[in-house]
Amino acid sequence: MAVEPLLSVRDLTVTFATDGGPVRAVDSLSFDVERGRTLGIVGESGSGKSVTSMAVMGLHTGADVSGSITMEGRELVGLAERDLNRLRGRKMAMIFQDPLSSLHPYYTVGEQIAEHHRVHFGSRRAASRRRAVEMLAEVGIPEPRRRAGEYPHRFSGGMRQRVMVAMALACEPDLLIADEPTTALDVTVQAQILELIARIQQERDLAVVLITHDLGVVARVAHDVLVMYGGRAAERAPVDVVFAAPAHPYTRGLLDSLPRLDDADDAPLRAIPGSPPSLLAPAPGCAFAPRCRRAASAGAEARQRCERVEPGPVAVAGHMVACHLPLGPDAAPCTPSSEATP
Ligand code: SF4
């Protein structure tokens, strides 16, 4: 029997009015997230992944949003701010890349978690403080009772991110959105925070949306992956399917860019040549075409199709892929080492 998704996004389009004209930051995006699963949304800067998460949370200030975002069947697009406020915290919560700017420097971390709990549950002061200490213990802060009385500047970057996870989960939401939660951390602490998110996700049967530019992060914790490019979905599939045989040339380029264990210490970084597309003046056809080696090496007719006709999503061997020439399992790398970035 099919599992009902907790979060369902259909044809989501987010447009910002700018001095240069409208910018469609997210275009016709659809995906589902089920309880107990983590969806990794991956893409370069400007791909629309963070705008998508802000739209789900109803934090897309100044943007025009169309399409549908439902949570347990309830439509969120067009919901009154007061109703969205009730959902934020209790049903869905978000953690950001920089915990220091999300924590208030004048209040102790315990007081900030407690206040969050009081606002959403109307709990009494003593109960909310107890809850704050419980949450700090749950996310692995040593001596949680003592540390609840300390200010954010007394915590390391990793510990501050644990505090943010504690605050996000204090009201027991069903959906956690983590926007680049480990980007500012060193690799050891990054691994600890990803482990924490994965553990809590399993223990609480949470639905998690993990926004990242790093496919390596996705490989560690996600069950499914959505690759975005130029505001649109390029590829969507279970994570093991994507890592075994990516179908979209852009995904393949991202995978080829990951450092390998057998790389020499002085090996140059491999990058996808070219730059992300302009969303202000999008060209016709596939947004990835100017950077796509697969299109470049195709025949003239196929190449023209890539340059003129925007590819729609099609199902290919367990993937949803938006490409006229999806890759097969034995495809050669799309970013040859001769184009490596020193
Ligand atoms: Fe490359 Fe064409 Fe596929 Fe776009 S549609 S990714 S240009 S092969």
Side-chain angles (χ1 to χ4, degrees), residues 2-3 5 7-13 26-34 37-44 47-49 52 67 209-216 218-219 222-258 270 272-274 276-277 282-336:
V3 181
L7 177 74
S8 197
V9 173
R10 290 290 172 274
D11 293 323
L12 177 68
T13 299
V26 177
D27 191 357
S28 312
L29 186 69
S30 299
F31 63 88
D32 293 328
V33 192
E34 292 150 14
R37 288 187 81 81
T38 297
L39 172 72
I41 304 186
V42 191
E44 291 166 295
S47 61
K49 54 194 191 306
T52 300
V209 175
L210 178 71
I211 310 284
T212 178
H213 63 281
D214 185 348
L215 266 176
V218 166
H223 300 99
D224 303 291
V225 58
L226 166 64
V227 180
M228 291 187 70
Y229 189 79
R232 297 178 70 95
E235 180 163 11
R236 197 178 70 230
V239 78
D240 50 342
V241 172
V242 167
F243 275 78
H248 196 285
Y250 176 58
T251 315
R252 182 65 199 245
L254 290 178
L255 281 170
D256 292 342
S257 307
L258 289 175
R270 291 170 291 272
I272 303 173
C286 174
F288 189 58
R291 305 171 74 184
C292 183
R293 292 195 56 84
R294 185 151 174 87
S297 59
E301 199 178 320
R303 197 165 57 244
Q304 277 183 6
R305 188 164 175 236
C306 290
E307 289 166 356
R308 292 178 186 171
V309 183
E310 191 174 307
V314 290
V316 179
H319 309 241
M320 184 295 301
V321 59
C323 175
H324 296 308
L325 305 166
L327 299 162
D330 304 321
C334 289
T335 311

Is there a side-chain contact between [X] and [Y] in this structure, where contact means two heavy atoms from C-beta onward sitting under 4.5 Å apart?
X      : Y      : result
Val314 : Val321 : yes
Leu226 : Leu29  : yes
Leu210 : Leu39  : no
His324 : Val309 : yes
Leu12  : Ser28  : no

(Q) For the CG atom of Leu254 and the CG atom of Leu215, what is their distance to the nearest 0.5 Å? (A) 5.0 Å
Q. Nearest 0.5 Å, what's the NE2-OG distance between His213 and Ser257?
A. 11.0 Å
Q) Which residues pass the side-chain contact (heavy atoms from CB on, under 4.5 Å) test with Ser30, sequence neighbours left out? A) Arg10, Asp11
Does any N or O in the side chain of [X] come within less than 3.5 Å of the main-chain N or O of [Y], such that one atom is a donor and the other an acceptor?
X      : Y      : value
His223 : Thr38  : yes
Ser8   : Pro5   : no
Arg303 : Ala298 : yes
Glu235 : Val227 : no

Q: Any chance you could lay out the side chain to side chain contact (heavy atoms under 4.5 Å, CB included) test for Lys49 and Val42, step after step, and finish with the verdict?
A: CA-CA 7 Å; Lys49 54 194 191 306; Val42 191; 5.8 Å; no
Q) Using a distance-only test with no angle check, is there a side-chain donor-acceptor pair under 3.5 angstrom linking Tyr229 and Arg291? A) yes
**Q.** Charged N-O contact under 4.0 Å between Glu301 and Arg308
**A.** no
(Q) Arg37: which residues meet the side-chain hydrogen bond (donor to acceptor under 3.5 Å, both in side chains) condition with it, sequence neighbours left out? (A) Asp224
Q | Derivation of the side chain to side chain contact (heavy atoms under 4.5 Å, CB included) call for Val241 and His319 | A | CA-CA 8 Å; Val241 172; His319 309 241; 3.2 Å; yes
